[in-house]
Amino acid sequence: MMKKVVFAAVAVLALASCKKDWTCECTTTGNGVSATVSGTVTGTKKDAKNACEKGSTTAGEIKTECKIK
């Protein structure tokens with residue numbers, strides 16, 4: 001029984017840390033207009049999320065918000 005629990009824990013950690021493609025979606029709004037673009041980020045979920053969110057900016061009335069989908 002203990003071997004199954006340890007194996008399951010290792011399997012979950014391995015899957016959580018594997019690199020794969022993630023979709024980064026950025027929406028820019030300002031002056032009553034909104035536009036959305038998306039692209040692919042490869043890496044672990046944490047790394048992809050951090051890379052994607054670096055695209056979020058605000059400049060005056062124009063705001064860009066990026067999130068992993």
Side-chain angles (χ1 to χ4, degrees):
M1 179 70 171
M2 187 64 161
K3 286 183 182 180
K4 288 182 182 180
V5 172
V6 171
F7 178 75
V10 170
V12 168
L13 288 174
L15 290 174
S17 64
C18 69
K19 293 182 179 183
K20 66 179 203 173
D21 292 338
W22 299 89
T23 300
C24 177
E25 186 174 276
C26 296
T27 302
T28 302
T29 55
N31 301 324
V33 179
S34 178
T36 301
V37 296
S38 61
T40 303
V41 180
T42 302
T44 63
K45 185 173 184 179
K46 181 181 176 182
D47 291 343
K49 180 181 180 214
N50 289 337
C52 180
E53 289 178 351
K54 285 183 181 179
S56 297
T57 60
T58 301
E61 304 256 337
I62 300 172
K63 180 180 179 181
T64 300
E65 185 175 4
C66 299
K67 294 183 178 180
I68 289 290
K69 296 288 181 172

Legend entry - Minimum heavy-atom distance between V41 and A51, given as atom pair plus value: CG1-CB, 4.2 Å
Legend entry - Distance (rounded to the nearest 0.5 Å) between I68 CD1 and E25 CD: 10.5 Å
Inset, instruction - Return yes when the gap between the SG atoms of C52 and C24 is under 2.5 Å; return no otherwise. - result: yes
Legend entry - Donor-acceptor contact below 3.5 Å, side chain T28 vs main chain T64: no
Legend entry - Considering all heavy atoms, the nearest W22-A48 contact: CD1-CB, 3.4 Å
Legend entry - Spatial distance of atom CD (E65) from atom SG (C26) [nearest 0.5 Å]: 9.5 Å
Inset, instruction - List the steps and the verdict of side chain to side chain donor-acceptor pair (under 3.5 Å) for T36 and T27. - result: CA-CA 4 Å; T36 301; T27 302; 3.1 Å; yes
